[in-house]
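Each remark here refers to the structure printed beneath this line.
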Amino acid sequence: MEARHLRYALALAEHGHFGRAAHALGIAQPPLSKQIADLERETGARLFDRTRQGVFPTAAGEAFLSRARRALEEMAAATVDAGRAARGETGRLRLGFIASALLDPLPDVLGRFGRERPDVRLELHEMASGRSAAALLAGELDVAITLGSPRGAGAEHLVSVPVGHDHLIAVVSSAHPYAGQASVSVNQLRRQPLIVAPGEDEPAVAAGLRTLLGEDAAALDGATVARDVHTIIGLAACGVGVGLGPSRMLAAPRPGIWFCEVTPRTALPDLVLSFADRHRSPVLDAFLDTVRSNCPDVGAALDRRFGGVRWRQGLPCCCGGGGCSREGTGSADGV
């Protein structure tokens, strides 16, 4: 039994006449009569009464037609669903991200992606860089945003693209002696209680701070640990100490705090978007295109990584216009 058999039966029931049904279907009457006869043999029941007044469904025919109508509707819906899934309009995206990415670029990216793909189920997981990198390598995430590129077994199979560049800044309470200063020096920081991200969560940042402050920096050894930039800012506002974090913290002002540059200017690890190319799905491709549209540098980096050509066929390039607020051009490398 094929879909055409169902369509033929429904057309015959609608028109009540073999000739009119055949004309509506665009076929000759004899083939239609034969297909209906074949269908009746297959079902083992007479589906239509042939009378002088017309052709009418039997009780068996009515039962068959009810199911046939729903079957064709389901087949049509299956075709639509398959097309939407192939275009990345439905499905699931598992994203792991460091909290500072909520300052930039995730608000614009997730907002746009949600508007354009409302039926995609987003599974969002705030994670420290080390945890999200491990989850990505384990196949538990589709994409991750970390400080620095993921490391570990299998990382060489990942594509990693910088999506933000940061340098170190300090945040203090408005009552702190450093409040009002444009900058603080490394020597000044060594004499202050500090608030920093935990080394096990952000090893690249911890290594950079250790290099900046010195291997024997007592202030760093006794620092208060805060797992995200919002906590660093909050603790600084409470007067706990001098918070150290990425310059993207400037996007999260609040009453009672003051931001200072740190001199000498110290670059932090790039904010990096990573994914496994061999596990790419239409939904992931759609998400990457949204990232491209918000930061053309990312699109250029992906193009370089995939041989200098449009890295995914079938979608128009969305790099044009808008510009990118991030400095530098970035690169895409398996790390």
Side-chain angles (χ1 to χ4, degrees), residues 1-95 110-124 139-140 142-143 276-290 292-293 310-318:
M1 188 182 302
E2 301 176 14
R4 61 190 172 90
H5 293 111
L6 308 185
R7 290 194 295 270
Y8 290 171
L10 288 169
L12 183 57
E14 178 183 355
H15 293 282
H17 187 277
F18 275 96
R20 290 194 294 270
H23 179 75
L25 290 167
I27 62 174
Q29 179 175 334
L32 175 61
S33 299
K34 181 178 184 304
Q35 294 295 328
I36 295 298
D38 291 343
L39 183 60
E40 289 179 321
R41 279 194 296 273
E42 183 172 351
T43 59
R46 184 166 51 86
L47 303 179
F48 293 94
D49 282 330
R50 288 83 164 165
T51 71
R52 292 180 179 276
Q53 289 73 35
V55 180
F56 303 97
T58 63
E62 291 287 2
F64 178 85
L65 292 169
S66 177
R67 292 278 189 177
R69 190 172 293 106
R70 291 200 296 272
L72 288 176
E73 289 171 353
E74 285 296 316
M75 292 174 67
T79 301
V80 171
D81 288 349
R84 296 190 68 207
R87 295 188 297 272
E89 296 174 6
T90 61
R92 177 183 67 166
L93 182 75
R94 301 167 298 170
L95 168 64
L110 290 180
R112 180 169 184 165
F113 187 75
R115 291 190 299 272
E116 295 177 350
R117 312 278 169 165
D119 293 325
V120 170
R121 186 170 78 254
L122 283 172
E123 295 184 5
L124 305 175
E140 297 167 1
D142 301 304
V143 60
D277 182 43
R278 59 187 174 183
H279 294 152
R280 270 170 47 198
S281 67
V283 170
L284 176 57
D285 282 344
F287 179 77
L288 294 175
D289 266 14
T290 300
R292 290 173 65 99
S293 69
R310 180 70 173 112
W311 63 281
R312 182 161 67 91
Q313 301 300 319
L315 286 180
C317 182
C318 54

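Side chain of R67 to backbone of A63: no donor-acceptor contact under 3.5 angstrom is found. With hydrogens and angles ignored, the 3.5 Å screen pairs no side-chain donor or acceptor of E116 with any backbone N or O of A286. Here the side chain of R94 pairs a donor or acceptor atom with the backbone of G139 at under 3.5 angstrom. Under the 3.5 Å distance criterion, the side-chain polar atoms of E40 are matched with a main-chain donor or acceptor of L47. Using modelled atom types, no side-chain atom of T90 and backbone atom of V120 make a donor-acceptor pair closer than 3.5 Å.
Here the NE2-NE2 distance, from H23 to H17, works out to 12.5 Å after rounding to the nearest 0.5 Å. The structure places CG of L25 at 11.5 Å from CZ of R4, a figure rounded to the nearest 0.5 Å. Note that CD of Q35 and CD1 of I27 are 7.0 Å apart. Values are rounded to the nearest 0.5 Å. A distance of 8.0 Å separates CD1 of I36 from NE2 of H5, quoted to the nearest 0.5 Å.
When all heavy atoms of S293 and R112 are compared, the closest pair comes out as OG-NH1, 3.2 Å. Across A71 and L6, no two heavy atoms sit closer than the pair CB-CD1, 4.0 Å. Across all non-hydrogen atoms, the minimal contact from P282 to R87 is CB-C, 4.4 Å. For A21 against L32, the heavy-atom pair with the smallest separation is CB-CD2, 3.8 Å. Residues L72 and R7 share a closest heavy-atom pair of CD1-CG, 3.7 Å. Across every non-hydrogen atom of H15 and R20, the tightest pair is O-NH2, 3.2 Å.
In this structure, the side chains of L110 and L124 come closer than 4.5 Å at one or more pairs of heavy atoms. F18 places a side-chain heavy atom less than 4.5 Å from the side chain of R50.
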- Task: Apply side-chain contact (heavy atoms from CB on, under 4.5 Å) to D285 and R280, showing your working.
- Result: CA-CA 7 Å; D285 282 344; R280 270 170 47 198; 2.8 Å; yes
- Message: Applying salt bridge (Lys or Arg N to Asp or Glu O under 4.0 Å) to D81 and R84, what does each step give before you reach the verdict?
- Response: CA-CA 5 Å; D81 288 349; R84 296 190 68 207; 5.3 Å; no
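Counted within 6.0 Å of CE on M1, heavy atoms from surrounding residues, nucleotides or ligands total more than 12; the atom is thus considered enclosed.
For the side chain to side chain contact (heavy atoms under 4.5 Å, CB included) with L39, the qualifying choice from F48, Y8, F64 is F64, the only one to do so. Of the candidates L95, D289, T290, F113 forms a side chain to side chain contact (heavy atoms under 4.5 Å, CB included) with just one, namely T290.
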